[in-house]
Amino acid sequence: AQSVTQLDSQVPVFEEAPVELRCNYSSSVSVYLFWYVQYPNQGLQLLLKYLSGSTLVESINGFEAEFNKSQTSFHLRKPSVHISDTAEYFCAVSSAGGYNKLIFGAGTRLAVHP
Amino acid sequence: DTAVSQTPKYLVTQMGNDKSIKCEQNLGHDTMYWYKQDSKKFLKIMFSYNNKELIINETVPNRFSPKSPDKAHLNLHINSLELGDSAVYFCASSPGPSTTYEQYFGPGTRLTVT
């Protein structure tokens, strides 16, 4: 069985400060890893994903995440956040080679303050 | 153009009633999903269909019955509604059932059972 742990339920941060949202996973098989973002009253949108290759993956809006197999982590980082980054962030895992069944973490609420 | 749409957006009903939520995608995808997001924002997959065939069926009460009349539509019917069914239900789609594909989420249907 797989599971995802997001270590922080809420992360308050000031605008232009750096941020890290932590994600750890547990799985007995190879996995793919994802970060999804949910803006208020909206559905989820894919932010970035790791399937294979370079362990550092980037999104178009400045977020990046690094897959660390030894620490079973996939932490999300941004060097300078904007007010518009305020949202709920979900880390998710799925089995490599299986059906597209996403297992989500409990989410981290990122609140960016001016 | 809305890629994944759900109707209704809000649904308030009484215990014991039967209700349906509809989902349509115009992306030409083969695979569709239903997720439940509870009051603590925890997201869990319920069902997935690929080309109208059920491929993922998580442990949900049999009061929940998905129906896929064609690969662009996946509806969710709920019988004998209970208070615990109150949640936001998200529909999603992906090009295929492989875990490498991004899932595209609808805006959600907020179901409140009184």
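Heavy-atom basis, side chains included; hydrogens, waters and symmetry copies ignored. Residue numbers begin at 1 in each chain, while the letters A, B, ... track the order of the sequences. Only a predicted model underlies this, so the values are computations on that prediction, with no experimental measurement involved.
Considering all non-hydrogen atoms of both residues, A:Asn100 and B:Ser94 come closest at ND2-OG, 3.8 Å. A:Ser94 and B:Thr99 make their closest contact through OG-CB, 3.4 Å (heavy atoms, listed as atom of the first residue, atom of the second, distance).
Under the 4.5 Å side-chain criterion, counting only non-hydrogen atoms from C-beta, A:Phe90 is in contact with B:Gln37. Side chains of B:Glu102 and A:Tyr36 form a contact here, defined as non-hydrogen atoms less than 4.5 Å apart.
Chain A forms more heavy-atom pairs under 4.5 Å with one residue of B:Asn50, B:Ile45, B:Thr100 than with any other, namely B:Thr100. Counting heavy-atom pairs closer than 4.5 Å to chain B, the top-ranked of the candidates A:Leu102, A:Asn41, A:Ile103 is A:Leu102. With respect to chain A, the highest number of heavy-atom pairs below 4.5 Å among B:Lys44, B:Gln6, B:Lys9, B:Glu58 belongs to B:Glu58. For the options B:Arg110, B:Lys41, B:Gln103, heavy-atom pairs under 4.5 Å to chain A are most numerous at B:Gln103.
Tracing side-chain contacts under 4.5 Å through hydrophobic residues (I, L, V, M, F, W, Y), one never reaches A:Phe104 starting from B:Tyr89; they form parts of separate clusters. Under the 4.5 Å side-chain heavy-atom criterion for grouping Ile, Leu, Val, Met, Phe, Trp and Tyr, A:Val4 is not connected to A:Leu44 through any hydrophobic cluster. Cluster annotation: A:Tyr25 is connected to A:Leu48 through the hydrophobic network of ILVMFWY side chains, with a link wherever side-chain heavy atoms come within less than 4.5 Å. B:Leu43 and A:Phe34 fall within a single hydrophobic cluster, where Ile, Leu, Val, Met, Phe, Trp and Tyr side chains are chained together by heavy-atom contacts under 4.5 Å. Under the 4.5 Å side-chain heavy-atom criterion for ILVMFWY residues, a single connected hydrophobic cluster contains both A:Leu46 and B:Phe105.
Shown here is A:Glu20, whose CD atom has more than 12 heavy atoms of other residues, nucleotides or ligands within 6.0 Å. Within a 6.0 Å radius of CD in A:Glu15, more than 12 heavy atoms belonging to other residues, nucleotides or ligands are found. Around CD1 of A:Ile60, the count of heavy atoms belonging to other residues, nucleotides or ligands within 6.0 Å does not exceed 12. Within a 6.0 Å sphere centred on NZ of B:Lys22, heavy atoms belonging to other residues, nucleotides or ligands number 12 at most.
The contact between A:Gln42 and chain B is made entirely by backbone atoms, counting heavy-atom distances below 4.5 Å. There is no contact between B:Tyr104 and chain A, counting heavy-atom distances below 4.5 Å. Within the 4.5 angstrom heavy-atom criterion, only side-chain atoms of A:Lys49, from C-beta onward, approach chain B. Only the backbone of A:Ser95 comes within contact range of chain B, with heavy atoms under 4.5 Å apart.
Here A:Gln38 contributes atom CD and B:Phe90 contributes atom CZ; the two are 4.5 Å apart, rounded to the nearest 0.5 Å. For the atom pair OH of A:Tyr99 and CD1 of B:Ile55, the computed distance is 5.0 Å after rounding to the nearest 0.5 Å.
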